[in-house]
**Q** 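Below is the structure I would like to discuss, written out as structure tokens.
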Amino acid sequence: MPGDSVKVAVRVRPFNQREKNAGSSCIISMSGDSTTIKNPENGSTKMFAFDYSYWSHDSFQENGEGVFTPRSGSTKYTDQRRVFQDLGQGVLDNAWQGYNAALFAYGQTGSGKSYSMIGYGPNKGIVPITCEELFKAIETNKDSQKQLQVSFSMLEIYNEKVKDLLVKSKQATEGLKIRQNPQAGFYVDGLRNVPVRNYKEIEKLMEQGTVNRTTASTNMNATSSRSHMVITIRFNQVIRNAGGESNTRSSDINLVDLAGSERADSTGATGDRLKEGSAINQSLSTLGNVISALADIAGGKKNVLVPYRNSVLTKLLQTALGGNSRTIMIAALSPADINYDETLSTLRYADRAKKIQNKAVVNESPTDRLIRELKEENARLMAALGKGGGKADDSEELQRLLRENERRMADMDKTWEQKLEEARREWERGHGGVDHEEEQAEWRRLPYFTNVNEDTQLSGVIKHCLRVGETTFGKSSTATYIIRGLGIQEQHAIIKNSGSKVTMEPVKGAKIYVNGIKLKAKQELCHLSRIKFGSSCLFLYVGQVSERKANDEKEYDYDYFMAELAEHRGVAIDLQTPKINESMENLKSYVLFQEFMDLLPQISEANAISLELNKGVKFEAEIKTPASHDALQHGGKEVIIQVTNEKTKKVWIWSKEKFLHRKDLMEELYCRYMDGESLPMGRDTDPFWDPVEDIFLGSCHIMLQSLSYCVEIDEHFTLHNYHGKEEAVMRVKIFPLNDKGEYLGDESIVEPRELLGKPFNFEISIPECMGVRWCSEDRSRGVYCKFTIISKEPVKSQTVWGKGYCDFGLKHRVREKKVTQEFINYLQTHSLVVELWGSQVNEEDQIHQTFNGSNGHAQSDDVFSQLKNKDLEIEHLTKDLDAMKKDNFNLKKKLDKQQTQIDMKKQRRVDVSQASTTDVGLDADLAQALRLFFKDVKTVQGQISEIKEYAKMSQHGSSDNGNIKKALGKQEQKLHEVESKLSGCVDSLKESVANTLRKAKR
């Protein structure tokens, strides 16, 4: 029937445990066939109309068989059977009429796609019910002249490679090839199409395919959220007429479970130099482009190119989208406010898909004509081969087409009974005659490990029984159970079952976590212990039969594993994870916690890939606090990734989006490495490398309130990084100036309102920064500071390289021609945010120094150079100490004068109490800054002691050192003098601070 629109249904599921923990509210409502979504931040709504809107969020109950049904008296809830009746039955009806049919599920990971398609436990989904109903109808066929034939295939698409899920043996690394037939369109060359005689055989095949898919997911790090599964049921009706001629009516039913839609737009991160998307997400992003192009065509747009050929998935779905098929799409929705963006994106996607027009026709033709056409095609191919003279590739393709036609002719010559018998023998060969019931009986009486997957459909599929004695896990062929995930060693873990207890011991160097804690020695396993091998292999330990209870495994799903691992890393505390029903701000913190938790396995896998490819790059997730950059100290948090090259000491900061994009490219690179391909050597395509960039180190906030009273600021401030750790101590001075640009005296204190309408000038000065960790860790690094005042252009200092003490000498004057109330409000409410940034040298410009001891002169010269550099740094620090003593004395005098002036004004003015409170605390703040300085000076003293020891060792060493010994001797003497002087300075400063603190207490 020409002009068939794609039918679209949406279905909203109940809250999952993660959403319940967040105290989520439902943002989806449905009325008839319309669906409305509410923005949780501003309450605005958007309405969409579809062919079906299914409410499966609440109003249901579980009957005695574990099936979810509408609650008594409620007609709101849509169960699995209703979904089949509306969608699956239509697919079956189309198949009986000879139309191709397709049904595909779309939505973010965890939105319920697999539940609708496959189901869970007794709640069967569309696929098993469709197959079951098809065979029920076949069994009622009593027409001897009509033969009904059903065959089943199951494939997975990951990283643009096709894997046959019904083949247990190892498959070619490049996957199955996609071919094109002029009549049939695109097909998978070599895909097993297994004839089946009843629904039970389909169940076995689906179970086998699921096990193969789960094993591949663990081994190749390809979770189901990243791969697409396509089940094809080929239904043929061979009808013989009175003349003995047969007619074949055929239908291909494609049932597609798509990858998680949250990766649909991952074709490249904004601002990333590597713009190309990964092949891992190519099919999903191309599908979106195909749907958009087809929607444009349906809307009347001309000359639109539909990019079917750009991905494997869209090639195979060409007939389903805009071709010869009747197609249904089911979009799965999360009801939670924390998933608003993804749910809205899914609704918009589905809204575009409903505009697509297909042109379905009945696939019916005489069987004899099919054979005759194949013979004629063979004759043409033979003639083309006989001419010769063409390219070698063309000749090879002709031979392949010839072989394919001959295979199809041979297949047609076989009777249906012969095909069924061949399929039975193939099954027995593949499974070695092992009874499935016998396999199940073993884990019912023994403790075992069962897999945990992000997709609930793939959890609990693999069961590794722990027999009495020793069981080993690893990627070696000698291991009892072979696991091949990232970070898995040849021999990874040793498990011993004594009959009453089970213990696990890591092999040296193996990374194993038990209940979120790293396993370091032999440990007894408890029933329902959570195990993580390497970076991504998750297992749940199910103990002795006597320890088990009904459904006690349900709680420990993938989310539970990830939350436990995150909390043991202190993430929940760092993010202040909220409790249920707290404010919107706390809800945002919970969303952030979930983002961090979702990133943990990705980061673990990226680190494992880096290790296996010998990249030397380490990834760490951090929480970025925008308050570190905001003058009002406002702003929410976000997850960022710190990337460190441990070989070159270079550091980068990536956004979450950029990391996920790069992670996809890393996976693609790793797959090529596993396939034995040679990896590219250049940096241009290396996802682990980036050009050097400046890194935010820390910041401090200087309140400007005292400036509105014309009180100067001259203090030392500690700069803190995103973790709240100290990065450096910076001196900042802010002085009010007169019209001539001269510093105002101590008698200049005024009320803020006295400044209105007058000009006002002030100077911001940052003379120095001390104790800079960034440069202390690597002398090839540099630092600079910057700030922004009154929304003007950022003011930036010079970059100082390789010094823990930095003399910035930065001065910046601000001139306000006429003071307004807005300007005064700014000073009284805002702070000056001074940021410290780190600079890095390109690898090409960096000089690497090595100490291998092979050249005595080179080593001695380097030691002397080190001592000389230390000496220069000590001289700077000594001068700074002297200056600090003077500054401290002057500051005390100024503070005394300011306090006297404030006390006098307090008698005359009522509002000055706030300024008084601010100034009283200056002494204590000064003392705190000086305490930090003591700590830095002690560090320098320790370094001096180390150099002295090194000098002594050199003096008592080999006689070949020559004149270096004398130089070192003088150096030691000088260092001793400086150390004594520093000690005296420290004592003096301690006494000064103590006096200041006593004054502050008074």
**Q** Salt-bridge test for Asp598 and Lys656: reply yes if a basic N is under 4.0 Å from a carboxylate O, no otherwise.
**A**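 Result for this pair is no, no salt bridge flagged.
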**Q** Any salt bridge (Lys or Arg N to Asp or Glu O under 4.0 Å) involving residues 346-355? Give me the pairs, sequence neighbours left out, ordered by first then second residue.
**A**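 The answer is Asp351-Lys354.
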**Q** If the threshold is 4.0 Å, N to carboxylate O, is there a salt bridge linking Lys163 and Glu156?
**A**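 No, no charged N to carboxylate O under 4.0 Å.
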**Q** Would you please classify the geometry between the Trp96 ring and the Phe235 ring as parallel, tilted or perpendicular, with 30° and 60° separating the classes?
**A**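 Phe235 and Trp96: perpendicular rings.
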**Q** Give a yes/no verdict on a cation-pi contact between Arg179 and Tyr187, requiring under 6.0 Å between NZ or CZ and the six-membered ring centre and an angle within 45° of the axis.
**A**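 Output no; distance or angle outside limits.
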**Q** With distance as the sole criterion, is a donor-acceptor pair present between the side chains of Asn324 and Thr319 under 3.5 Å?
**A**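 Looking only at side-chain atoms, Thr319 and Asn324 do not form any donor-acceptor pair under 3.5 Å.
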**Q** I'd like to know if Lys663 and Glu667 make a salt bridge, using a cut-off of under 4.0 Å between side-chain N and carboxylate O.
**A**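 Salt bridge between Lys663 and Glu667, a charged N being under 4.0 Å from a carboxylate O: yes.
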**Q** Is it true that Asp252 and Arg234 have a side-chain N and a carboxylate O under 4.0 angstrom from each other?
**A**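 A salt bridge is present here (some side-chain N lies under 4.0 Å from a carboxylate O).
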**Q** Who are the side chain to side chain contact (heavy atoms under 4.5 Å, CB included) partners of Asn289, not counting sequence neighbours?
**A**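 With neighbours one apart ignored, the set is Pro307.
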**Q** Please list, chain by chain and in numerical order, all residues satisfying side chain to side chain contact (heavy atoms under 4.5 Å, CB included) with Ser53, sequence neighbours excluded.
**A**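 Per chain and number, Ser53 pairs via side chain to side chain contact (heavy atoms under 4.5 Å, CB included) with Val10, Met30, Thr35, Phe50.
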**Q** Using only heavy-atom distances, determine whether the side chains of Asp684 and Trp689 contain a donor-acceptor pair under 3.5 Å.
**A**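 No.
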**Q** Would you kindly say whether Asn310 and Thr286 are connected by a side-chain donor-acceptor distance under 3.5 Å?
**A**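 Thr286 and Asn310 do not have a side-chain donor-acceptor pair below 3.5 Å.
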**Q** Which residues pass the side chain to side chain contact (heavy atoms under 4.5 Å, CB included) test with Lys615, sequence neighbours left out?
**A**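 Lys615 satisfies side chain to side chain contact (heavy atoms under 4.5 Å, CB included) with Ser610, Leu613, Val617, Asp686, Phe688 once adjacent residues are dropped.
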**Q** Under 4.0 Å between a Lys/Arg side-chain N and an Asp/Glu carboxylate O for Asp86 and Lys7?
**A**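 Looking at Asp86 and Lys7, the cut-off is not met.
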**Q** How would you list, by chain and number, every residue that makes a salt bridge (charged side-chain N to carboxylate O under 4.0 Å, His left out) with Lys38, sequence neighbours excluded?
**A**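 Once residues adjacent in sequence are excluded, Lys38 has no partner under the salt bridge (charged side-chain N to carboxylate O under 4.0 Å, His left out) criterion.
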**Q** Not counting sequence neighbours, which residues clear side chain to side chain contact (heavy atoms under 4.5 Å, CB included) with Asn16? List them please.
**A**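 Expected list: Arg13, Arg18, Glu19.
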**Q** In terms of side-chain heavy atoms, does Ser311 have a donor or acceptor partner in Thr314 at a distance below 3.5 Å?
**A**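 Short answer, yes.
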**Q** Among side-chain atoms of Gln80 and Tyr120, is any donor-acceptor pair under 3.5 angstrom?
**A**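 No, no side-chain donor-acceptor contact under 3.5 Å.
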